[in-house]
Amino acid sequence: MSFTSLKLIDPVMEALTAEGYIYPTPIQIQAIPHVLSGRDLQGCAQTGTGKTAAFAIPIIQLLHKQNKAKTGIKALVLTPTRELAIQIGESFATYGKFTGIRYTTVYGGVSQLPQTKALKRGVDVLVATPGRLLDLINQGYIRLNQLEIFVLDEADRMLDMGFINDIRKVIRLLPDRRQTLFFSATMPNEIQKLASDLLKNPVKVEVTPPASTVDSIEQSIYHTSKPDKPKMLLHLLREQNISTALVFTRTKHGADKVVKFLHRADVKAAAIHGNKSQNARQSALNDFKRGRLKVLVATDIAARGIDIDELSHVFNYDLPNVPETYVHRIGRTGRAGLNGTAIAFCDADERKELRDIEKLILKRIPVVENHPYACNPVAQLKKVIKSRDHRYRRQFN
Ligand code: AMP
């Protein structure tokens, strides 16, 4: 599913495109339509799931559609820490940059002067930590009587940090007629009770954290053709002077073929897969660990549980059908704080697998275009069209 199906307005879509977002995360898919329709929401989700955008995007859209002459704070996001408040404020700035929505952030531990100045200029969205919010309310800088949307973020952490009374004080100041969005990573009884007090007929959404790829792993993708993959691998092993590489193929037969090709080029390599005896597998693994082999070619099942310290490179020689497998494969490198490199080959039949992987890891894998076995999908298509066009002309002219 793309962001287009969520019926977002152009200024928001433009901001998301500028940010490089391609696909909404599961919590965004589940939450955004309901928030846009005005429903209360109970979201069980951790940071890292895209939950900030799941509430910030529809809030921006709802406020953008309103009469601009209305003044006063229309949305309040309450969050436990200063770091989170800053991050959420940045999200509103990013997603709302083409809408003219005004936001500000207030939190303790710093001078209140810049915050009160911003409040006096007028804000639509206020992101706040509980203590400073109550302080500024008591001093008369903040009034919440125009509020339409209230977001309680990280409710369980609020409770842990002893903010429950502050939260209850804030809630008493909110208009009864409002939309409430409630987020918590866990839902112990006390939090469920708070949610039940706050929410009216809420939609409930729950997501687990996505499979993630570690930042210390440098990922890249090489578009190439199936027959060129062995040469591509050899080229990179030589060009980048790679000392240890774990290479994943889809089939046992494919693994054997790669090893044969590498042997012919004098590269020390072995395959481990289900057709090899336990002894053969173990000795290949030992040789690899001791540096007697440069390349170990494996299928996923055979490689399960293999733990190799200081593995510098992982190759997705074939892209896996199950996108989570990609994350597991590349997680073999970049361990214990070391840097790792994950290189993937993608042939014309594997584009769907690549899209699914990028959807899962929420980022585009950088494409390396300048290499001797490049196969540019667009150029290839043009070539086919051109040759067809040529044949057509010959036939009819
Ligand atoms: P959060 O769970 O709100 O802390 O978000 C985690 C990270 O994911 C943030 O760095 C966001 O910028 C990023 N993010 C959120 N939604 C998307 C998306 N649809 N595509 C790509 N990145 C996203």
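In this text the structure is predicted, and so the values were computed from the model without any measurement. Atoms within a ligand are numbered from 1 in the order they appear, just like the ligands themselves.
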(request) Sort out for me which residue in Tyr95, Phe182, Phe183, Phe150 forms a ring pair (Phe, Tyr, Trp, His ring centres under 6.0 Å) with Phe55. (result)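 That would be Phe183.
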(message) Salt bridge or not between Asp318 and Arg250? Use side-chain N to carboxylate O under 4.0 Å.
(response)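 No, Asp318 and Arg250 are not salt-bridged.
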(message) So for ligand 1, is Gly50 a polar contact partner (N or O within less than 3.5 Å, distance only)?
(response)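 Checking ligand 1 against Gly50, an N or O pair does fall under 3.5 Å apart.
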(request) Measure up the Phe3 and Tyr21 rings against each other and bin them: parallel (under 30°), tilted (30 to 60°), perpendicular (over 60°). (result)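 It falls in the parallel class, under 30°.
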(request) Anything under 30° is parallel, anything over 60° is perpendicular, the rest tilted; go ahead and classify Tyr373 against His235. (result)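 Perpendicular, since the angle between the ring planes exceeds 60°.
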(request) Could you see which bit of Gln28 sits under 4.0 Å from ligand 1, with heavy atoms only: side chain, backbone, both or neither? (result)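 The side chain, only.
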(request) Using heavy-atom distances, let me know which of Phe3, Phe183, Tyr21, Tyr95 sits nearest atom 14 (N) of ligand 1. (result)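 The option holding the nearest heavy atom is Tyr21.
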(request) Pull out every atom of ligand 1 sitting under 4.0 Å from any heavy atom of Tyr23, numbered as shown with elements. (result)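 Taking each heavy atom of Tyr23 in turn, ligand 1 has 18 (C), 19 (N), 20 (N) under 4.0 Å.
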